Amino acid sequence: MSPKKSSQDAPTGNADYQWASFDAEAYFQHYYGEPHPDDDRVIRCAVEAIKRAPPLETALDIVDVGTGPNLIPLFCALPRAARLTAWEYAESNVAWLETEIASDTMRPQWQHFWSVTREAYGNEAALPANPMPDLRAKARIHQGSVFALPERTWDAATMFFCAESITERHDEFEAACAAFARCVKPGGALIAAFLVRSAGYVVADRPFPVLSLTPDTIETAFAAHADGVQAELIGIVEREIRSGYSGFIFLTGIAR
């Protein structure tokens with residue numbers, strides 16, 4: 001059972017939640033069952049950043065950290081990737097990803113998000129109508145914690161809505177961001193999106209944590225680990241679009 005807490009309880013940490021029983025399909029249906037324009041904005045932001053990832057005109061070894069039940073990060077990275085690693089902690093999410101990637105039949109949602117990805121890369125990329133064979137050839141799914149990422153391993157890294165949505169503790173958030181930044185070779189691209197103004201999210205009636213962040217909070221977390229850090233507020237609205245989501249902060253930087 002996920003923790004139930006009052007407003008006076010101490011912040012809960014990553015270990016307080018039962019990630020092994022995370023309902024991957026319920027998460028997918030709630031967050032991506034009906035594509036939203038903000039999903040498309042995340043894709044366009046990510047693709048533009050990945051297209052600029054150094055070294056240019058070179059296929060990269062890319063990791064996505066905390067992939068969850070979501071192919072969007074893999075779609076965004078796929079055209080630039082020589083190899084692509086989905087680094088995911090929850091056993092249920094790993095199994096879900098394996099099943100999704102093994103299928104040649106894309107759900108309508110994936111068809112939409114891949115179409116947005118192809119459009120963002122432009123006609124010159126000549127991307128196929130079905131990315132799944134290429135994804136199977138390049139991608140591997142690794143079960144592991146963000147806190148256990150190896151250092152200086154990949155050419156570039158992405159992380160979408162992970163570090164802030166696994167804990168309520170700022171020290172754990174900062175440790176997750178540091179591990180993410182350090183997993184990339186010096187000079188490699190760091191590309192991430194973070195939830196903003198969220199008090200948590202609910203999956204299959206289980207509450208999960210989210211930290212309340214600002215661009216300054218995120219830039220501070222990365223200041224010791226990356227150069228050229230930029231964090232931009234995007235799509236902020238007063239009311240939640242989905243549970244725990246009312247906009248995002250998009251970050252780019254270069255690993256030291």
Side-chain angles (χ1 to χ4, degrees), residues 24-25 27-53 56 59-60 62-82 84-86 88 93 96-97 99-139 141 156-162 165 189-196 201 230-237 240-252:
E25 183 62 23
Y27 179 94
F28 166 79
Q29 292 295 344
H30 180 69
Y31 286 95
Y32 299 109
E34 295 184 11
H36 187 274
D38 272 27
D39 302 323
D40 299 353
R41 294 180 76 173
V42 171
I43 291 171
R44 293 188 184 103
C45 287
V47 167
E48 285 306 309
I50 291 169
K51 285 165 68 175
R52 297 193 303 267
L56 298 176
L60 305 176
I62 303 174
V63 64
D64 180 67
V65 177
T67 306
N70 186 7
L71 297 187
I72 289 175
L74 306 183
F75 284 172
C76 291
L78 183 62
R80 284 285 326 260
L84 183 54
T85 301
E88 170 57 41
N93 289 344
W96 188 95
L97 284 167
T99 299
E100 290 294 306
I101 292 175
S103 175
D104 267 325
T105 304
M106 289 196 294
R107 303 187 197 221
Q109 295 90 339
W110 299 142
Q111 294 175 26
H112 168 79
F113 293 135
W114 179 244
S115 175
V116 175
T117 303
R118 293 177 76 194
E119 180 183 329
Y121 270 99
N123 292 334
E124 63 275 12
L127 299 179
N130 184 350
M132 302 311 289
D134 198 24
L135 188 58
R136 279 194 296 276
K138 293 182 179 180
I141 303 166
T158 60
M159 180 172 68
F160 296 89
F161 312 119
C162 171
S165 61
L190 301 169
I191 300 159
F194 300 87
L195 296 168
V196 65
Y201 61 109
Q230 295 184 337
E232 179 184 1
L233 284 164
I234 296 178
I236 308 305
V237 295
E240 287 187 347
I241 296 169
R242 301 163 176 142
S243 169
Y245 180 82
S246 57
F248 66 98
I249 298 171
F250 188 74
L251 173 135
T252 55

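Bear in mind that the values here come from a model prediction, so they are computed numbers and not experimental data. The analysis underlying the following values was restricted to heavy atoms, covering all of them including side chains, and did not include hydrogens, waters or symmetry mates.
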Pair D39-Y32, side-chain hydrogen bond (donor to acceptor under 3.5 Å, both in side chains): steps then yes or no:
CA-CA 8 Å; D39 302 323; Y32 299 109; 5.1 Å; no

Mind checking whether W114 and F75 have parallel, tilted or perpendicular rings, split at 30° and 60°?
perpendicular

I'd like to check E119 versus V47 (side-chain heavy atoms, cut-off strictly below 4.5 Å). Are they in contact?
no

Sequence neighbours left out, what pairs pass salt bridge (Lys or Arg N to Asp or Glu O under 4.0 Å) with at least one residue falling in residues 121-139?
D104-R136, D134-K138

Distance from L127 atom CG to S115 atom OG, nearest 0.5 Å?
11.0 Å

Kindly indicate, with the supporting measurements, whether the criterion side-chain contact (heavy atoms from CB on, under 4.5 Å) is fulfilled by L71 and L97.
CA-CA 8 Å; L71 297 187; L97 284 167; 3.9 Å; yes

Report the relative orientation of the aromatic rings in W110 and F28; use parallel for angles under 30°, tilted for 30 to 60°, perpendicular for over 60°.
tilted

Any donor-acceptor N/O pair, Q111 side chain to M106 backbone, under 3.5 Å:
yes

Given side chains that start at C-beta, do those of S103 and T99 come closer than 4.5 Å, heavy atoms only?
no

Side chains of T105 and M132, heavy atoms from C-beta outward: is any pair under 4.5 Å?
no

Any heavy-atom pair between the side chains of P69 and E100 that's under 4.5 Å?
no

Minimum heavy-atom separation for I234 and R41, please, with both atom names.
CG2-NH2, 3.4 Å

How would you list, by chain and number, every residue that makes a salt bridge (Lys or Arg N to Asp or Glu O under 4.0 Å) with E232, sequence neighbours excluded?
none

For the atom pair CG (L195) and CZ (F161), what is the distance rounded to the nearest 0.5 Å?
5.5 Å

Any T117 side-chain heavy atom under 4.5 Å of L78 side chain
no

About how many Å separate CD1 of I141 and CD of E88, when rounded to the nearest 0.5 Å?
9.5 Å

Would you find more than 12 non-hydrogen atoms of other residues, nucleotides or ligands less than 6.0 Å from Q230 atom CD?
no

For a quick test of reading the model, state the closest non-hydrogen atom pair linking R80 to A53 and the distance between them.
NH1-O, 2.9 Å

Over all atoms of both residues, closest heavy-atom pair of G66 and C162
CA-SG, 3.8 Å

Rounded to the nearest 0.5 Å, what's the gap from OG1 on T252 to CD1 on I191? Could you check?
8.0 Å

Considering only heavy atoms from C-beta outward, does the side chain of L60 approach that of L84 to under 4.5 Å?
no

Should the ring pair F250 and F248 be called parallel, tilted or perpendicular, given that the plane angle runs from 0 to 90° and is split at 30 and 60?
perpendicular

T158 side, atom OG1; D64 side, atom CG - distance, nearest 0.5 Å
3.5 Å

With a 3.5 Å distance limit and no angle check, can you tell me whether Y121 reaches the backbone of C76 through a side-chain donor-acceptor pair?
yes

Quick one: CD on E25 to NE2 on H30, what's the gap to the nearest 0.5 Å?
13.5 Å

When you compare the side chain of N93 with that of T67, does any pair of heavy atoms fall below 4.5 Å?
no

Could you check whether any side-chain heavy atom of F160 comes within less than 4.5 Å of a side-chain heavy atom of V42, counting everything from C-beta outward?
yes

